[in-house]
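Here the structure comes first, spelled out in structure tokens, and everything after it is commentary.
When reading the values below, keep in mind they use all heavy atoms of this one structure, side chains included, and skip hydrogens, waters and symmetry mates. Proteins come first, then strands; the chains are lettered A, B, ... in the order of their sequence lines, and each starts at number 1.
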Amino acid sequence: MNIFDYYKNLFLKIIKDIPIDKSIIKKITVETPKQKIFGDISFNAPLILASSLKKQPMQLANEIKELIQAANNDFEKIEVAKPGFINFTFKKEIFLKFIKIIDKNYGKPTSTKSNKINIEFVSANPTGPLHVGHCRGAIFGDVLSNFLKFYGHNVVKEYYINDYGNQIYLFVKSVYFRIIELQKGKAFPEDQGLYPGEYIIDIAKDVLKNIKNENISSFDETISILTPYAIKSALDIIKKDLDLMGIVHDNFVSESDIVNRDILSEAIEKLKNKGDVYTGVLPKPKGDAEDWEPREQLLFKSSKYGDDVDRALQKSDNTWTYFANDVAYHYDKLKRNFDYYINILGADHAGYVKRLSSAVNALNNNKTFSIKLSQIVKLYKSGKPFRMSKRAGDFILAKDLIDAVGKDSARFMMVYRSSNSQLDFDFDLVTDTSKDNPIFYVQYACARINSLFDKSNFDIEKPITDAKLENLKYETEFNLIKKIVEWPKIVNLCYQNLEVHYIPYYLYELSSEFHTYWNAGKENDDLKIIGHSDKELINSRLYLLQKLYLVLTIGLNILDVKVLKKM
RNA sequence: GCGCCUGUAGCUCAACUGGAUAGAGCGCCAGAUUUCGGCUCUGGAGGUUCAGGGUUCGACUCCUUGCAGGCGCGCCA
């Protein structure tokens, strides 16, 4: 149960005689007021309804207040506040009831139907290890998937392997020359635009081990033998990197497989039938375009769907572009019939968003496709931009990051900010054991709660059933309860925005309320949670903390960050 | 040149999608403080939300014109 929805529905029922236009009904909300002095919940209906009823918001608020006051008995105080809010303060015994309903599904909506959701993320080229730039999108995608599962949906995490085309050709060529270097000592060519990273040597060794007896002669003769092994080797490295972050995809889709199955001709056919494909000449691009000449080629009319210009499907030599294969891939994805599609792209692919969503819109009219961009991460150590590794050119490897700070810290921090703001990632901070480190602060709260249970010989896993909640009466206790009650609201926020940074934020705030509660015992012996002999009071307080612990656990599980029992 | 993202306290970021006095953490200032679990606690000061214009009862949020930063921009992937 979500108390905000519960009271919204209750209030709407009470004021059912007031005519409400259906289009504005969802703008009416029950919220936590911004400030504590405004009470526990507030209702904005007078503000929303005033104009259509041609009444003053304050006057309407007073009328609605009277109606609710007459019909409901849950509140100690109901007040109208300028510009037209109605603020409610619960009777304490009502508030305490909200705590009782908390279980492992707390916050999960009960009415939502379960949808099949496809979420594509990472999809890094299988040409080498993941670097830090991939981490954020990877973790964001994984946490968002966990969240959507918690919300009640059926989620498939998908990875699109770009194992086709020129980049792969260059990659395999690089592996080939590393093999030649290993076998014959011939220096690796620096001038052919090949992959210079030393990890290619590891891949070369791995490939050699697997193909064993194959005779490595010229590149043209061995390319078809080397390619699958080289891709597999690179993909294994990527999967290991993902595993370090705690990420496992459900489905890997290969571009060359899409090509082999000739999905493209079916997709093009469909676009042709809609009149979205034509042969034409693209306008000259702005900026640097020295060697550009006008050419006739097959184009997709993406401008019809909001893109700036139409996009090429075929190159001048009649082979397909990368984009064309991506159209085919998405066509295949759409045919697999999910209710909802999410793509997570790195910020450097922002320019690709319009043409991709144009293609999806052309292939499928219902609007169930969202693209999320994950912004870049800047690494810092001791306040300075930080480089960790000279391997792989300038890239800092994902593995190095996880090795340095641990999976939990990386996961927590990577989703601590909204996905479309840039993020500063400070190595010192995330490994710090002080309250300045939010991960530590949240996990410390879990450990402290466990310790209180151990000291009192209670099992934290075993629900306390006989607590007398009316023993809870201090402000610090109620502040904690209020924060716990906000959780379903956080869940809604995440869902509406497809963002998850609200969760670590909330967990931090929740932990902060707990630490404040705990610290209050230093000043006032009555507030020591267990440091006294009143068994019944200890029972009540541990009951509250057990519920708190459950909420912390739900949140940390969505982040896939460990709940620490001891530190 | 064009497109997308961003611009909020000294710094890093929130702000429930149009609501109340724009909130946290760090930093700064002032006090308190040896153990329920040590890696502190309580309070305070900090703002013309980049600038101008518009929409309305009401704007950080929407529209518009600029400015600044980031990313991207041909048949690469």
A:N125 vs A:Q167, side chain to side chain donor-acceptor pair (under 3.5 Å): CA-CA, chis, key distance, verdict: CA-CA 8 Å; A:N125 287 353; A:Q167 289 303 320; 5.4 Å; no

Polar side chain donor-acceptor pair, A:N450 to A:Y549, under 3.5 angstrom: yes

Step-by-step salt bridge (Lys or Arg N to Asp or Glu O under 4.0 Å) determination, A:K482 to A:E513: CA-CA 10 Å; A:K482 284 181 192 177; A:E513 291 292 357; over 6 Å; no

Intra- and inter-strand pairs of RNA chain B in dot-bracket (Watson-Crick or G-U wobble, both distances under 3.5 Å; | for another strand): (((((((..((((.....[...)))).(((((.......))))).....(((((..]....))))))))))))....

Out of B:rA77, B:rC36, B:rA14, whichever nucleotide has its closest atom nearest the side chain of A:W518: B:rC36

For nucleotides 42-46 of chain B, which of its nitrogen or oxygen atoms have a protein nitrogen or oxygen under 3.5 Å away, and what is each distance?
none

Shortest side-chain distance from A:I48, nucleotide among B:rC36, B:rG19, B:rC76: B:rG19

Which nucleotide in B:rC41, B:rC5, B:rG74 has an atom nearest any side-chain atom of A:Q375: B:rC5

Donor-acceptor pair under 3.5 Å, A:S418 side chain vs B:rA14 base: no

A:Y169 vs B:rA77: side-chain N/O to OP1/OP2 distance below 4.0 Å: no

Residue-phosphate contact under 4.0 Å: A:R311 side-chain N/O, B:rG74 OP1/OP2: no

Residue-phosphate contact under 4.0 Å: A:K82 side-chain N/O, B:rU21 OP1/OP2: yes

Minimum-distance nucleotide (side-chain atoms of A:D424 versus B:rA15, B:rC39, B:rC13): B:rC13

CG-CG distance between A:L544 and A:L472, expressed to the nearest 0.5 angstrom: 5.5 Å

Closest listed nucleotide, where the reference is the side chain of A:L493 and the choices are B:rA77, B:rC16, B:rG37: B:rC16

5' precedence on RNA chain B between A:S42 and A:Y502 (nearest-nucleotide basis): A:Y502

A:K435 side chain, from C-beta outward: closest of B:rG3, B:rG25, B:rA20: B:rG25

Side chain to side chain, A:F88 and A:V30, heavy atoms closer than 4.5 Å: no

For atom CG of A:N420 and atom C1' of B:rC4, their distance in whole Å: 11 Å

Any A:F412 side-chain heavy atom under 4.5 Å of A:P438 side chain: yes

Rounded distance in Å - CG (A:L356) to P (B:rC73): 15 Å

Which nucleotide in B:rC76, B:rC39, B:rA20 has an atom nearest any side-chain atom of A:P83: B:rA20

Pair A:N87-A:E79, side-chain donor/acceptor within less than 3.5 Å: no

Shortest side-chain distance from A:N166, nucleotide among B:rC16, B:rA20, B:rA77: B:rA77

From CG (A:D332) to CG (A:N325), nearest 0.5 Å: 12.0 Å

Residues which pass ring-ring contact (aromatic ring centres under 6.0 Å, His included) with A:Y508, listed by chain and number, not counting sequence neighbours: A:Y441

Upstream residue (5' side of RNA chain B) when A:F43 and A:S419 are each assigned their closest nucleotide: A:S419

Selection from B:rC4, B:rA77, B:rC36 that lies nearest to any side-chain heavy atom of A:A350: B:rC4

Verify stack between A:F85 ring and B:rA20 base, 5.5 Å, 30 degrees: yes

Euclidean distance, A:K455 NZ relative to A:I530 CD1, rounded to 0.5 Å: 6.5 Å

N/O donor-acceptor pair, side chain A:D326 with base B:rA77, under 3.5 angstrom: no

Out of B:rG37, B:rG70, B:rC16, whichever nucleotide has its closest atom nearest the side chain of A:I376: B:rG70

